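Worksheet: one structure, shown below.
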Amino acid sequence: MNEKNKPILEVKGLKTHFTTKRGVSKAVDGIDFTLHKGETLGIVGESGCGKSMTSLSILRLIPSPPGKIAGGSVLFKGKDLVTMPEGEMREIRGNEISMIFQEPMTSLNPVIPVGEQIAEAIRLHQKLGKKAAWEKSVEMLRLVGIPSPEKRAKQEPFQLSGGMRQRVMIAMALACTPEVLIADEPTTALDVTIQSQILELIKDLQTKIGMGVIMITHDLGVVAETCDKVAVMYAGNIVEYASTEQIFANPKHPYTQGLLDSLPKINEDVDELKTIEGSIPSPYNMPSGCRFASRCPYKEEMCTSHKPELIEQNDGVKVRCWKYTDEWTGTIKKEEVV
Amino acid sequence: MLMFILRRILQIVPVIIGVTFVVFFIMQLVPGDPAVLLAGEGASKEAIEAVREQLGLNQPLYIQYFEYLMNVFKGDLGVSLKNSQPVLDEILVRLPITIELAFFSIIITVVLGMTAGIISAVKPYSLTDVSVMLVALLGISLPSFWLGLMLMYFFSVKLQILPVAGWDSLLHVILPAVTLGAGGAAIVARMTRSSMLEVIRQDYIRTARAKGLREHIIIYKHALRNALIPVITVVGLQFGALLGGTVLVESIFAINGLGRMIVDAIRTRDLPMVQGGVLFASLIFVVVNLFVDVFYRIFNKRIELN
Ligand SMILES: Nc1ncnc2c1ncn2[C@@H]1O[C@H](COP(=O)(O)OP(=O)(O)OP(=O)(O)O)[C@@H](O)[C@H]1O
Ligand SMILES: [Mg+2]
């Protein structure tokens, strides 16, 4: 238990900005979270809120230019990845921290056999010979449920279906038994049975090697199934950060509430799913107040003029909303904190 | 794949017939009478008529053409009007020279062009990149006769390290091959650079980085293979331009190749020689294109299906 409480990855005030002709896009604008050994942290939020850019920033894989880490730190086992020399960073990539990318169709090299694409990372980080690395690569393909892996390993990506390519990506990410796995929508391309197989596999490795997982997903079902903690992102910020139970039982931020309301419920007979009206503000032109204000049913004047901080409540839930502060002046009374 | 190759080979036949057709009739449109030329300036009407009779030049055009075509398929390209040697023999003597020149030129195009393109792409917008691309731009804009003469002046006349002209040793190949290959090299360099820059932005390059691979492995193993696919087509097209260039370069450097032979034949209105020469030049072009097509398809299949 003690082991498990050791923080392995601490992200503090991380900012990633894109400088383009249109101006500066603050895609990630001050993110804090902590991942412990063996823990799974979910990051949820709608498209464009900065989930992928957060995870790419951790491995320093932001396309640059135009992107740049504009501030903050990422402590991995106490060392800051943001300022680390490139050579040291390379030793960590694919070895201690791996990533499964959101785009399975384009993330594999079209002219290199998939087995080799996995084996090259094994050779690099585990100092195995050509043959041993190849065997391990085939073994990984078997592990992620690819039928006749010996044959598949020799094929190029175009000969594989989307689901299989995603599994190749997963095999690649897990090949060097990383301490941290960043999984960006790892199962969206897969059908339900394979999806649960893959999640099971990740869980398995987690208990075996104490791997920490950052699970980025749209699917709150996946969150419920796999995550210990959840960070809800909105327009480059975390708006709520809590344990999975707390998030589902008692969502605090109006945005989180909206997300959960938009889920289909089994015991309710509704014709239409609720959706959150309006859309995310432009990252080039963020409002000075609460970023969710324009869509918030509880909006007050202070919400549009001043930006709330991410504040920890009595129950340990962190939420970025004026409603949970003493300054709240709204007609709806300050939410009871259970 | 085999079907594709077979189909492509079959497609060559109509192309070749088309070439003979075009060459034959264009030569008819050019003013001047080969029979007069052959019989000599002051020949009598009867003598000219006899020559015409003998060569079948008094037959209707379509019969002349048809007979020519039949002979082509039998491997008989006629005899030179100038020295009465079989055209095929004349061509076969010169063909290896031109092929050798083209071969070394294309090597220069490919090696020089790709190397320059890669160097540029690795550090885009750097001083190296800008200088390399500037030279490439010059390479494209400079006419090759000027480049040829300049190279000849510097290396043969001034420095005297390379022979001026002729075709005896490998040293003789250098200047003509550079002259002929330079323009293509410049085009290939620019193409390689832009293709590399495009590929480096792709998701799979990010994946390669995420594995912790070193930059040179990312460039040479992951990026280059993909970036060269469009470059292959450009090289193929360049080969066509290069064949045209042999005419000029062979004249400048006094190389007795197919290109110069065609020019001489045109000047002397040696109709069978022109026809045979152009026919062979087209044949080379078509065969090279066939190779490029097949090669490209083998590579491209992965991309298309991706
Ligand atoms: N190359 C770029 N240039 C400019 N801005 C960019 C670039 N890449 C990303 N961004 C900005 O980063 C923001 C966050 O993008 P990100 O990919 O992290 O979203 P996401 O939460 O992963 O969305 P999704 O759920 O669709 O994957 C985008 O809204 C966009 O404005
Ligand atoms: Mg994303």
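Just so it is clear: chains get the letters A, B, ... in the order the sequence lines come, proteins before strands, and each one is counted from 1. If you're wondering where the values come from, they're calculated on a predicted model, not measured in any experiment.
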Options A/Ala175, A/Pro63, A/Ser107, ranked by heavy-atom pairs under 4.5 Å with chain B, top entry: A/Ser107
Set of side-chain hydrogen bond (donor to acceptor under 3.5 Å, both in side chains) partners for A/Gln155, sequence neighbours left out: A/Arg152
Pairwise side-chain contact, B/Lys211 with A/Gln117, heavy-atom cut-off 4.5 Å (strictly under): yes
Presence of salt bridge, A/Glu120 and B/Lys221, under 4.0 angstrom: yes
Beyond-backbone contact of B/Thr207 with A/Met99, side-chain heavy atoms, under 4.5 angstrom: no
Under 4.5 Å from any heavy atom of chain B - which part of A/Ser98: neither
A/Met172 versus chain B, the contacting section by heavy-atom distance below 4.5 Å: side chain
Sequence neighbours excluded - salt bridge (Lys or Arg N to Asp or Glu O under 4.0 Å) pairs with any residue from residues 94-115 of chain A: A/Lys77-A/Glu96, A/Glu103-B/Arg206
Minimum side-chain heavy-atom gap A/Leu124-B/Ile217 below 4.5 Å: no
Side chain, backbone, both or neither of A/Leu56 within contact of chain B (heavy atoms, under 4.5 Å): side chain
Heavy atoms from other residues, nucleotides or ligands near CZ of B/Phe291 exceed 12 (cutoff 6.0 Å): no
Region of B/Arg201 in contact with chain A, defined by heavy-atom distances below 4.5 Å: neither
Within 6.0 angstrom of B/Tyr220 OH, more than 12 heavy atoms from elsewhere: no
Donor-acceptor pair, side chain of A/Asn109 and main chain of B/His222, under 3.5 angstrom: yes
Polar side-chain atom of A/Thr106 near backbone of B/Asp203 as donor-acceptor pair, under 3.5 Å: no
